[in-house]
Amino acid sequence: LKVHAVNTGVPHVLVEVSDLEGFPVLEVGRALRRHPAFAPEGANANFMSVSRGLLRLRTYERGVEDETLACGTGATAAALIAYRLGKARPPVAVRVRGGGLLRISFLAAGTEVSEVWLEGPAETVFTGMWGPRPACGWRDRSSLWQRPSTAAGRWIKRRSAASSAVSCAKARGGSSHAGRPARRPP
């Protein structure tokens, strides 16, 4: 195999293949990911085909240790290597395994590139707060909080926090009834 390597913040290995759908991404990706040339951390392995200015990409991702549906740094690596090989010009369209179309733009001067931008679809899949223990008055002292869809509008945690609420109320000099805090959260 002829491989190309680039680091886009994460090390990537890229192989151009003629039959992307039939290519053994898992087997070859696993071997390339752990190749001694990329030790000790390893690299993501990307497999690309180019047709009519569109790059198609499949990625075996380190850490996941399997093929993923999309990899933004891998799509960027593929676009930059395709440019260096004379197979694409910016902006480069990259179709990832999950079906999404990414667009990689950059300024190019000879073999040098700068101002690299990745564009593609994005959607919110979760909202919440993660951080240090909340102040007294909250229903729980742990770190993950979600706003419920109930009309009460109280912040909730997965497990019961009656004892935490009581200790918060006492620490403020307030009182507590049946494990409820003396003051409700906002």
Side-chain angles (χ1 to χ4, degrees), residues 1-108 111-131 142-149 156-158:
L1 291 174
K2 183 174 182 179
V3 301
H4 306 275
V6 66
N7 189 323
T8 57
V10 175
H12 284 273
V13 177
L14 183 93
V15 178
E16 186 176 0
V17 298
S18 56
D19 178 17
L20 187 61
E21 289 306 311
F23 192 79
V25 168
L26 291 178
E27 294 80 12
V28 178
R30 191 173 293 122
L32 286 174
R33 179 260 187 270
R34 297 189 183 282
H35 192 279
F38 307 108
E41 293 88 13
N44 289 346
N46 302 279
F47 305 92
M48 144 183 109
S49 66
V50 183
S51 175
R52 289 173 268 170
L54 176 69
L55 276 62
R56 294 190 173 278
L57 187 69
R58 293 178 65 187
T59 301
Y60 181 92
E61 200 159 346
R62 68 181 189 163
V64 177
E65 306 306 331
D66 205 344
E67 183 174 8
T68 58
L69 297 177
C71 178
T73 56
T76 302
L80 297 176
I81 290 172
Y83 168 74
R84 292 285 302 263
L85 296 174
K87 296 180 182 266
R89 297 189 56 76
V92 180
V94 181
R95 174 86 54 200
V96 293
R97 184 69 167 167
L101 185 64
L102 305 178
R103 183 174 120 148
I104 292 76
S105 304
F106 50 91
L107 298 179
T111 59
E112 298 297 315
V113 298
S114 62
E115 303 292 323
V116 179
W117 290 88
L118 166 64
E119 298 174 76
E123 64 183 71
T124 302
V125 295
F126 176 79
T127 59
M129 290 179 8
W130 182 265
S142 49
S143 298
L144 181 62
W145 295 86
Q146 291 177 280
R147 184 174 292 281
S149 58
I156 60 168
K157 181 67 177 109
R158 278 183 255 158

Gap separating the CE atom of Met48 from the CG atom of Leu57, nearest 0.5 angstrom: 8.5 Å
Nearest-0.5 Å distance that lies between atom CG in Asn44 and atom CG in Asn7: 10.0 Å
Ring pair (Phe, Tyr, Trp, His ring centres under 6.0 Å) partners for Phe47, two or more places apart: Phe23
For Glu115, all residues meeting salt bridge (Lys or Arg N to Asp or Glu O under 4.0 Å), sequence neighbours excluded: none
Sole residue of Asn46, Leu20, Leu26 in side chain to side chain contact (heavy atoms under 4.5 Å, CB included) with Arg58: Leu20
Residue list, side-chain contact (heavy atoms from CB on, under 4.5 Å) with Glu27, at least two apart or on another chain: Pro24
Side chain to side chain donor-acceptor pair (under 3.5 Å) partners for Thr8, two or more places apart: none
Partners passing side-chain contact (heavy atoms from CB on, under 4.5 Å) against Ala88 (at least two apart in sequence or in another chain): Leu55, Ala82, Val92
Where Cys71 and His12 come nearest, the two heavy atoms and their spacing: SG-CE1, 3.7 Å
Sub-4.5 Å side-chain heavy-atom contact between His4 and Leu85: yes
Listed once per pair and sorted, the salt bridge (charged side-chain N to carboxylate O under 4.0 Å, His left out) pairs that draw on residues 29-46, sequence neighbours left out: Arg33-Glu65, Arg34-Glu65
With Arg56 via side chain to side chain donor-acceptor pair (under 3.5 Å) - residues at least two apart: none
Pairs meeting criterion salt bridge (charged side-chain N to carboxylate O under 4.0 Å, His left out) with involvement of residues 43-53, two or more places apart: none
Could you pull out all donor-acceptor pairs under 3.5 Å where a side-chain atom in residues 97-106 meets a protein atom, sequence neighbours excluded?
{"unit_1": "Arg97", "atom_1": "NH1", "unit_2": "Glu21", "atom_2": "OE1", "d": "2.7"}
{"unit_1": "Arg97", "atom_1": "NH1", "unit_2": "Glu21", "atom_2": "OE2", "d": "3.2"}
{"unit_1": "Arg103", "atom_1": "NE", "unit_2": "Glu119", "atom_2": "OE2", "d": "3.2"}

Partner of Thr59 by side chain to side chain contact (heavy atoms under 4.5 Å, CB included), out of Val96, Leu69, Asp66, Thr68: Thr68
Any pair counted as side-chain hydrogen bond (donor to acceptor under 3.5 Å, both in side chains), so long as it reaches residues 81-92, sequence neighbours left out: Glu16-Lys87
Partners meeting side-chain contact (heavy atoms from CB on, under 4.5 Å) with Val3 (sequence neighbours left out): Leu1, Val13, Val15, Leu32
